[in-house]
Amino acid sequence: KLSNYAAQDERTVNGLYELEVGAFTHFEEQNHYELSLFYTPLWANLYEQYHAYKPASRYYQKALQASEKVRYLMNH
């Protein structure tokens, strides 16, 4: 659903939010770091297109956190 929505021409901030609530929570709860690393920068970019910089920043932070977790797991 995330990829399909991201590819649409007609997106809204509310639409982004509705999809993110379930999807990103699931990624974090299930430790799907690969999905987080793929989708969080995409979602941040989509929010930036709407000048919604606060949620964009939150998603860049999530990407960094997922990256750090992956790096930690690879070294331990």
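Bear in mind that the values here come from a model prediction, so they are computed numbers and not experimental data. Heads up: numbering here begins at 1 and tracks the sequence.
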Distance (rounded to the nearest 0.5 Å) between T25 OG1 and Q30 CD: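 The OG1 atom of T25 sits 11.5 Å away from the CD atom of Q30.
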OG on S3 to CG on L19, rounded to 0.5 Å: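 The OG atom of S3 is 10.5 Å from CG of L19, to the nearest 0.5 Å.
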Check ion pair K1-E18 (N to O, under 4.0 angstrom):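 Salt bridge between K1 and E18, a charged N being under 4.0 Å from a carboxylate O: no.
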Ring-ring centroid check F27 F24, cutoff 6.0 Å: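 Ring centres of F24 and F27 closer than 6.0 Å.
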[Y] side chain reached by [X] side chain, heavy atoms, under 4.5 Å:
{"X": "Y50", "Y": "R11", "answer": "yes"}
{"X": "E20", "Y": "K62", "answer": "no"}
{"X": "W43", "Y": "L16", "answer": "yes"}

M74 with L35, same ILVMFWY side-chain cluster at under 4.5 Å: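 Cluster IDs for M74 and L35 differ.
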Same apolar cluster: Y60 and L64, side chain cutoff 4.5 Å: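 Unlinked, Y60 and L64 end up in two clusters.
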Stepwise side chain to side chain contact (heavy atoms under 4.5 Å, CB included) check, V13 with Y47: CA-CA 7 Å; V13 172; Y47 272 119; 3.8 Å; yes
Verify, without hydrogens or angle tests, whether [X] (side chain) and [Y] (backbone) share a donor-acceptor contact under 3.5 angstrom.
{"X": "S67", "Y": "A63", "answer": "no"}
{"X": "N45", "Y": "P41", "answer": "no"}
{"X": "H76", "Y": "Y72", "answer": "yes"}
{"X": "Y33", "Y": "Q65", "answer": "no"}
{"X": "S57", "Y": "Y53", "answer": "no"}

Parallel, tilted or perpendicular: rings of H26 and H32 (30°, 60°):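 Because their plane-to-plane angle lies in the 30° to 60° range, the rings of H32 and H26 count as tilted.
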Within 6.0 angstrom of D9 CG, more than 12 heavy atoms from elsewhere: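 12 or below, so no.
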Between E48 and Y59, a side-chain donor and acceptor under 3.5 Å: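 Checked: E48/Y59 side chains show no N/O donor-acceptor pair below 3.5 Å.
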Pair T12-Y17, side-chain donor/acceptor within less than 3.5 Å: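 No - no donor-acceptor pair under 3.5 Å links their side chains.
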